[in-house]
Amino acid sequence: MTAATATASTRVALVFGGCGALGRAVIAAFTAANWKITSVDFRPNDQAAHNVVLSPGLDLEATGRLVESEVTAALGPAEKFDAVLNVAGGWAGGNFLADDLYKNTTLMLSQSLNTSVIAARLAALHLSGSGGLLAVVGAAAAAGPTPSMVAYGAAKAAVHHVVRTAADVPASGLPTSATVVGLLPVTLDTPVNRSFNPGADYSSWTPLDAITQKLLAWAEKKESVESGALVRVVTTDGKTTFSAI
């Protein structure tokens with residue numbers, strides 16, 4: 001784990017999935033705004049002040065305990081997170097006849113649900129009591145049936161449940177002042193998505209900057225959002241809108 005020194009006025013955030021395309025964009029934007037970042041992923045992020053590097057193949061219990069231990073060690077004696085952001089995830093297609101249904105369901109739950117559960121747990125343990133933000137990424141498609149991508153839809157629908165449950169404070173264990181929100185994009189404009197969809201209408205894909213700037217505005221309280229909201233992210237002709245469902 002690497003460390004960097006921050007000033008007393010620096011805000012502190014944890015980013016789960018800090019080496020994915022969205023995670024890198026989030027860390028870059030928050031770092032530029034003078035936030036100190038702890039990144040959690042399978043590889044370190046060079047811009048993060050601290051890195052929790054995960055080990056492949058661990059179950060939820062082992063991964064969660066590892067992250068808790070490393071994060072606790074990284075935080076200062078009286079330090080709390082002003083934001084906990086889970087932007088980890090993945091995608092898999094297939095209906096109930098797909099041969100890889102079980103494998104893909106296990107993978108999707110690990111990448112989306114498990115990471116959201118750990119993020120919510122970290123928020124319960126370490127989120128600031130002065131209006132901290134817990135934000136996770138769900139999926140617009142998972143607001144309804146997803147017959148062509150069963151595993152993905154099931155995992156993301158479970159993430160939406162985590163959002164609504166975590167927002168039920170103080171019963172959920174999070175600070176009563178916490179704001180909990182789920183972002184539900186349709187398609188993010190990433191290099192990987194473009195490589196799998198050459199020739200698509202990219203003007204309907206959401207730029208990563210639109211997500212990072214919205215998260216930053218919520219985290220810095222420059223914009224407000226209702227706790228427990230699932231916010232659909234829609235991009236049309238290059239213009240992105242955010243609306244609670």
Side-chain angles (χ1 to χ4, degrees), residues 4 6-18 22-40 45 47-50 71 74-76 78-88 115-116 118-138 159-160 162-185 188 206-235 239-245:
T7 65
S9 62
T10 301
R11 285 163 291 202
V12 184
L14 179 138
V15 178
F16 212 122
L22 180 55
R24 290 194 301 271
V26 168
I27 289 176
F30 273 66
T31 300
N34 197 37
W35 284 66
K36 186 177 76 169
I37 305 297
T38 293
S39 173
V40 182
N45 182 303
Q47 288 189 288
H50 303 102
V71 165
L75 285 171
E79 200 169 35
K80 293 285 187 178
F81 288 119
D82 299 288
V84 174
L85 313 173
N86 180 27
V87 295
T115 56
S116 295
I118 295 171
R121 164 84 170 173
L122 292 173
L125 291 170
H126 299 298
L127 194 65
S128 168
S130 301
L133 173 70
L134 168 63
V136 303
V137 176
V159 169
H160 301 172
V162 169
V163 171
R164 288 175 166 144
T165 299
D168 187 4
V169 296
S172 67
L174 271 71
T176 55
S177 63
T179 297
V180 184
V181 62
L183 279 166
L184 280 57
L188 295 178
T206 300
L208 299 184
D209 183 63
I211 300 292
T212 62
Q213 292 306 310
K214 182 61 69 174
L215 287 171
L216 188 59
W218 286 337
E220 295 187 338
K221 301 181 178 63
K222 294 177 180 177
E223 296 182 19
S224 61
V225 62
E226 182 179 356
S227 190
L230 298 175
V231 179
R232 190 189 302 271
V233 185
V234 177
T235 301
K239 181 180 179 181
T240 302
T241 59
F242 296 81
S243 56
I245 63 171

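Please read these numbers as outputs of a predicted model, since none were measured by experiment.
Taking each heavy atom of Val26 and Thr212 in turn, the nearest pair found is N-CG2, 3.5 Å. Residues Lys36 and Ala49 come closest through the heavy atom pair CG-CB, 3.3 Å. Heavy-atom minimum distance, Val87 versus Gly17: CG2-O, 3.8 Å. In terms of heavy-atom proximity, Val163 sits nearest to Ala229 at CG1-O, 3.9 Å. Here the closest heavy-atom approach between residue Val159 and residue Val137 is recorded as CG1-O, 3.9 Å. What you find for Thr31 and Ile27 is that their closest heavy atoms are OG1-O, 2.7 Å.
Asp82 contributes no side-chain N or O that, together with a main-chain N or O of Ala13, makes up a donor-acceptor pair within less than 3.5 Å. Of the possible polar contacts, none joining the Thr235 side chain to the Thr240 backbone as a donor-acceptor pair under 3.5 Å is found. Not a single donor-acceptor pair under 3.5 Å links the side chain of Lys214 to the backbone N or O of Val233. In this structure, the side chain of Asn45 engages the main chain of Gly18 through a donor-acceptor pair within 3.5 Å. Judged purely by atom type and a 3.5 angstrom limit, Ser128 has no side-chain atom pairing as donor or acceptor with the backbone of Lys80.
With rounding to the nearest 0.5 angstrom, the NZ atom of Lys222 is 6.0 Å from the CG atom of Leu216. A distance of 7.5 Å separates CD1 in Ile37 from CG in Leu85, rounded to the nearest 0.5 Å. With rounding to the nearest 0.5 Å, the separation of OG1 in Thr165 from CG in Leu174 is 11.0 Å. Atom-to-atom distance recorded for Phe30:CZ and Leu215:CG is 5.5 Å, nearest 0.5 angstrom. Distance check, rounded to the nearest 0.5 Å: OG1 of Thr38 to CD of Glu79 gives 7.5 Å. Between the CG atom of Asn86 and the CG atom of Leu22 there is a distance of 10.0 Å, given to the nearest 0.5 Å.
A 6.0 Å sphere centred on CD of Glu223 holds more than 12 heavy atoms belonging to other residues, nucleotides or ligands.
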From CA spacing to verdict: side chain to side chain contact (heavy atoms under 4.5 Å, CB included), Trp218, Val231: CA-CA 12 Å; Trp218 286 337; Val231 179; 4.2 Å; yes

Side chain to side chain contact (heavy atoms under 4.5 Å, CB included) between Leu183 and Phe242, worked out: CA-CA 9 Å; Leu183 279 166; Phe242 296 81; 4.0 Å; yes

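For the pair Val84/His126, no side-chain contact is recorded, criterion being any heavy-atom separation below 4.5 Å from C-beta on. The side-chain heavy atoms of Leu122 and Phe81, taken from C-beta on, include no pair separated by under 4.5 Å.
At a cut-off of 3.5 Å, with distance as the only test, no side-chain donor of Ser227 or Thr179 sits close to an acceptor on the other residue.
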